[in-house]
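What follows is one structure encoded as structure tokens, with my remarks underneath.
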Amino acid sequence: MDQLRLADDAVGGWLQLPGPATAELVGSVGYDFVCVDTQHGLIGDDALFPMLQALAATGTPSLVRVSHNALDVIGRALDRGAAGVVVPLVESVEEAAAAVAACHYPPRGTRSYGPTRVAWGDADVLAPGLCAVMIETAAGLAALPGILQVDGVDAVFVGPSDLALGTGRALAGQDEDPSYDELLASITAQCAAAGVPVGIYCASPAHVHRFRSLGFTWFAGPAEGALLRAAARTALRESR
């Protein structure tokens, strides 16, 4: 599997629908990585494993957005072969440190040894998984300076919708709110100063270009379900 890089203007895919065929299809496109969403997606533990296998068959590195910041769910994602995890709703230095610890075996961390699929190949079974923590609440935003100092936080990932809601903004009209862009730029500036890659979910290619101009260094999305629905609606409209 290709090495996962998040600091080189990486553009990734996003999976929310269960199924290895869809994962293989998206993985074959040429994305720098693909994130499997087990937080808001419809993907459970049983579906995750074959989806990671399908992505591996394409050579595309995989991330898993876990359902929550917990040792067991992070360990299961890494044991199944994910190159790293995206941990949602991180709001403090302590929570960031816990996410990092879950990605590392002792003595550095708390991950339980049982690599399962990782041990089937030639990979270093003791290598830690990449740890990306999500900043998407007012509390997380306030804690960001300290979070960026946590050793082992490999990347930051912004959830733009939750961040908008958490800072008193409406979901509609985010693209036309200069103060929101200023808020996002303040996040990217802090991450740049700390030397930490900072990514964001993108609902469209236009969002990628907009967020790139604000200093983001890696991008994920839109989800395959949204792409499929948009294509289906376009095909129906053009067929009438």
Side-chain angles (χ1 to χ4, degrees), residues 1-6 10-90 98-106 109-134 152 154-155 157 159 199 201 218 220-229:
M1 182 177 292
D2 295 338
Q3 185 176 3
L4 176 60
R5 300 180 185 275
L6 294 181
V11 177
W14 196 268
L15 297 172
Q16 291 187 320
L17 303 178
T22 304
E24 185 176 9
L25 188 154
V26 172
S28 71
V29 169
Y31 284 118
D32 296 306
F33 66 92
V34 172
C35 184
V36 183
D37 184 2
T38 66
Q39 182 196 21
H40 291 304
L42 305 178
I43 300 160
D45 266 2
D46 288 346
L48 177 60
F49 177 45
M51 292 177 73
L52 292 175
Q53 288 179 305
L55 288 171
T58 71
T60 304
S62 56
L63 287 172
V64 172
R65 179 161 75 168
V66 294
S67 59
H68 58 292
N69 187 1
L71 179 66
D72 57 342
V73 295
I74 291 173
R76 285 201 300 272
L78 296 176
D79 287 349
R80 282 162 172 73
V85 292
V86 177
V87 183
L89 298 168
V90 173
V100 169
C103 293
H104 291 258
Y105 291 114
T110 57
R111 182 179 173 188
S112 175
Y113 184 80
T116 312
R117 180 171 172 241
V118 183
W120 298 348
D122 298 324
D124 178 2
V125 297
L126 294 177
L130 181 143
C131 182
V133 300
M134 291 195 70
D154 298 304
F157 189 66
Y201 181 80
W218 59 286
E224 89 287 28
L227 292 172
L228 178 61
R229 188 168 190 268

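Positions are given from 1, in the same order as the sequence printed here.
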Could you check whether any side-chain N or O of [X] sits under 3.5 Å from a backbone N or O of [Y], counting only pairs where one atom can act as donor and the other as acceptor?
| X | Y | result |
| --- | --- | --- |
| E224 | Q16 | yes |
| D154 | C131 | yes |
| T38 | G44 | no |

*asked:* Using side chain to side chain contact (heavy atoms under 4.5 Å, CB included), reason through R80 and V64 one step at a time and then give a plain yes or no.
replied: CA-CA 10 Å; R80 282 162 172 73; V64 172; over 6 Å; no
_Heavy atoms of other groups near D46 CG, more than 12 under 6.0 Å_ = no
Between [options], which is the residue that forms a side chain to side chain contact (heavy atoms under 4.5 Å, CB included) with [X]?
| X | options | result |
| --- | --- | --- |
| V86 | L63, V133, D37, L130 | L63 |
| S67 | V87, V73, D45 | V73 |
| V66 | V36, L78, I74, D72 | I74 |

Atom pair [atom1]/[atom2] of [X] and [Y] - distance to nearest 0.5 Å:
| X | Y | atom1 | atom2 | result |
| --- | --- | --- | --- | --- |
| Y201 | R65 | OH | CZ | 8.5 Å |
| T22 | L228 | OG1 | CG | 8.0 Å |
| L6 | F157 | CG | CZ | 9.5 Å |

Which heavy atom in [X] sits nearest to a heavy atom in [Y], and how many Å separate them?
| X | Y | value |
| --- | --- | --- |
| A54 | A23 | CB-CB, 4.1 Å |
| Y31 | V11 | CD2-O, 3.6 Å |
| M51 | P18 | SD-CA, 3.9 Å |
| S62 | L52 | OG-CD2, 3.4 Å |

*Pairs touching residues 14-26 that satisfy salt bridge (charged side-chain N to carboxylate O under 4.0 Å, His left out), sequence neighbours left out*: none
*Should D79 and R111 count as side-chain neighbours, where that means a heavy-atom distance under 4.5 Å?*
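Result yes, sub-4.5 Å side-chain heavy-atom pair found.
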_Y113 and Y105 aromatic ring geometry - parallel, tilted or perpendicular at 30°/60° bounds_ =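 Rings of Y105 and Y113: tilted, 30 to 60°.
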